[in-house]
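Only one structure is covered here, and it is reproduced in the block below.
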Amino acid sequence: MGIKYFFSDINDGNLAFHVGDIIENVINNREKLAQKYSYNNNDLVYMNQIHSDNIVIVDENSPKLIDNCDALITNSKNLPLMVMVADCIPILLFDERKGVIAAIHAGRNSTFLEITKKTAQIFIDRFNSNPKDIKAVLGASIQKCCYEVSIEMAKIVETSFGKDFVEDRNIDLQSINKKQLNDLGIKNIEISDICTKCGTEKYFSYRKNSKTGRFAAIITLH
């Protein structure tokens, strides 16, 4: 059993249907990506992401578009799971020993609702994962350097999670998600230090330009 995952970038084009792009262009971009990374685009499961803590376990009989959802889990082989982002954190969780994977859309709301922790808890409760066997990978996203929020929001973060996650009006979503995983005993965590807004031109950023595409993280169990 093996796990393959990757993060697309701006060179792979926009992968989301909901951002006003021509549908044929999105389909073409998704097909090219599938060829590039050797999976079947017809098998791809993706979400209508709504900034919630809704988590859905899918298998080969599930619809390919899961509505009202921000995290997908499967233990089915050759079923690619996709999360799309343009500043929010794309988080991949996997337990190679138990053969279970997840793709998580962790924006501000979903992070506050502890979606990453709740997804990992399903690994532990439903799939009997040992926290020591769960690995998390957080892709490029808006970092504390650029994630400025209102004074009120910054106070909410400080009250809910602690002073360590706020600097003036800037908040650190990556560290909040890391802490949620650490609280469950998950220590194997890889976090990209690339800020989508200021760090590189390789990724779409909604804060840089609200009329933008979405890049993706895709994970598959083999």
Side-chain angles (χ1 to χ4, degrees), residues 5-10 12-23 25-27 29-30 33-34 39 41 43-59 62-74 76 79-94 100-123 136-143 147 149 153 171 173-174 176-177 180-181 191-192 194-197 203-220:
Y5 65 86
F6 66 88
F7 297 87
S8 74
D9 63 29
I10 215 159
D12 297 307
N14 166 49
L15 300 169
F17 290 114
H18 68 283
V19 295
D21 201 350
I22 297 164
I23 288 172
N25 287 352
V26 180
I27 292 168
N29 289 340
R30 288 189 178 195
L33 199 66
Y39 62 90
N41 187 46
D43 294 333
L44 184 71
V45 183
Y46 62 106
M47 300 173 272
N48 172 25
Q49 299 163 184
I50 57 166
H51 300 277
S52 68
D53 62 349
N54 296 346
I55 303 159
V56 177
I57 300 171
V58 297
D59 62 25
S62 301
K64 297 308 172 196
L65 171 58
I66 307 296
D67 208 19
N68 301 332
C69 176
D70 287 276
L72 298 169
I73 300 174
T74 194
S76 295
L79 195 68
L81 308 180
M82 177 166 78
V83 50
M84 294 174 284
V85 289
D87 283 336
C88 294
I89 312 172
I91 301 181
L92 302 176
L93 284 188
F94 53 93
V100 58
I101 59 174
I104 305 166
H105 171 241
R108 186 174 72 208
N109 286 0
S110 298
T111 295
F112 291 178
L113 292 167
E114 300 194 320
I115 192 168
T116 305
K117 187 175 190 176
K118 289 172 181 174
T119 305
Q121 193 68 56
I122 292 172
F123 274 41
V137 181
L138 284 65
S141 56
I142 194 165
Q143 306 270 336
Y147 200 9
V149 296
M153 182 61 67
I171 62 174
L173 284 190
Q174 291 77 15
I176 294 172
N177 280 280
Q180 289 175 20
L181 292 166
I191 303 176
S192 170
I194 295 171
C195 176
T196 42
K197 188 178 178 201
Y203 299 97
F204 296 111
S205 169
Y206 184 83
R207 280 227 170 177
K208 194 155 51 180
N209 177 7
S210 60
K211 290 188 172 145
T212 192
R214 300 290 184 272
F215 69 97
I218 296 178
I219 186 166
T220 315

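Remember, predicted model here, so these are calculated numbers, not experimental data.
Side-chain atoms of T196 do not come within 3.5 Å of backbone N or O of A86 as any donor-acceptor pair. No donor-acceptor pair closer than 3.5 Å links the side chain of Q49 to the backbone N or O of V83. Side-chain N or O atoms of N29 include one that pairs as donor or acceptor with a backbone N or O of N14 at under 3.5 Å. At least one donor-acceptor pair closer than 3.5 Å links the side chain of K118 to the backbone N or O of L113. One N or O on the side chain of S110 and one on the backbone of S52 form a donor-acceptor pair closer than 3.5 Å.
Of all non-hydrogen atoms in I91 and A106, the two that sit nearest each other are CD1-CB, 3.7 Å. The shortest heavy-atom contact between I171 and R108 is CD1-CD, 4.1 Å. Residues V58 and T74 come closest through the heavy atom pair O-OG1, 2.7 Å. For the pair G139 and F7, the tightest heavy-atom approach, listed with the atom from each and the gap, is CA-CE2, 3.5 Å. Taking each heavy atom of G213 and V19 in turn, the nearest pair found is CA-CG2, 4.3 Å.
Contact check for L15 versus S8: side-chain heavy atoms found under the 4.5 Å cut-off. In this structure, the side chains of F215 and V85 come closer than 4.5 Å at one or more pairs of heavy atoms. Between Q143 and K197, the closest side-chain pair of non-hydrogen atoms is not below 4.5 Å. Put simply, the side chain of D53 does not reach to within 4.5 Å of the side chain of E114, judged on heavy atoms. In this structure, the side chains of N177 and I104 stay at 4.5 Å or more apart for every pair of heavy atoms. Looking at heavy atoms from C-beta onward, I115 lies in side-chain contact with I55 at the 4.5 angstrom threshold. No side-chain heavy atom of Y147 sits under 4.5 Å from any side-chain heavy atom of D87. A heavy-atom distance below 4.5 Å is found between the side chains of T111 and Q180.
Here CD1 of I50 is found 7.5 Å from CG of D67. Values are rounded to the nearest 0.5 Å. To the nearest 0.5 angstrom, L65 atom CG is 9.0 Å from F17 atom CZ. The distance from atom NZ of K64 to atom CG of D43, rounded to the nearest 0.5 Å, is 5.5 Å. In this structure, OH on Y203 lies 5.5 Å from CG on D9, to the nearest 0.5 angstrom. The CG atom of L81 lies 8.0 Å from the CE atom of M47; values are rounded to the nearest 0.5 Å. The CG atom of N54 sits 11.0 Å away from atom CG of L72, with the distance rounded to the nearest 0.5 Å.
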(message) Does L181 form a side-chain contact (heavy atoms from CB on, under 4.5 Å) with L93? I'd like the steps, not just the answer.
(response) CA-CA 10 Å; L181 292 166; L93 284 188; 4.2 Å; yes
(request) Starting from the C-alpha separation in whole Å, work towards a yes-or-no answer on side-chain contact (heavy atoms from CB on, under 4.5 Å) for Q174 and I142. (result) CA-CA 9 Å; Q174 291 77 15; I142 194 165; 5.5 Å; no
(request) Go through M84 and F204 one step at a time and tell me if the side-chain contact (heavy atoms from CB on, under 4.5 Å) criterion holds. (result) CA-CA 10 Å; M84 294 174 284; F204 296 111; over 6 Å; no
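A 6.0 Å sphere centred on OH of Y206 holds no more than 12 heavy atoms belonging to other residues, nucleotides or ligands.
In this structure, R30 satisfies the cation-pi test against Y46, with its NZ or CZ atom closer than 6.0 Å to the six-membered ring centre and inside 45 degrees of the ring normal.
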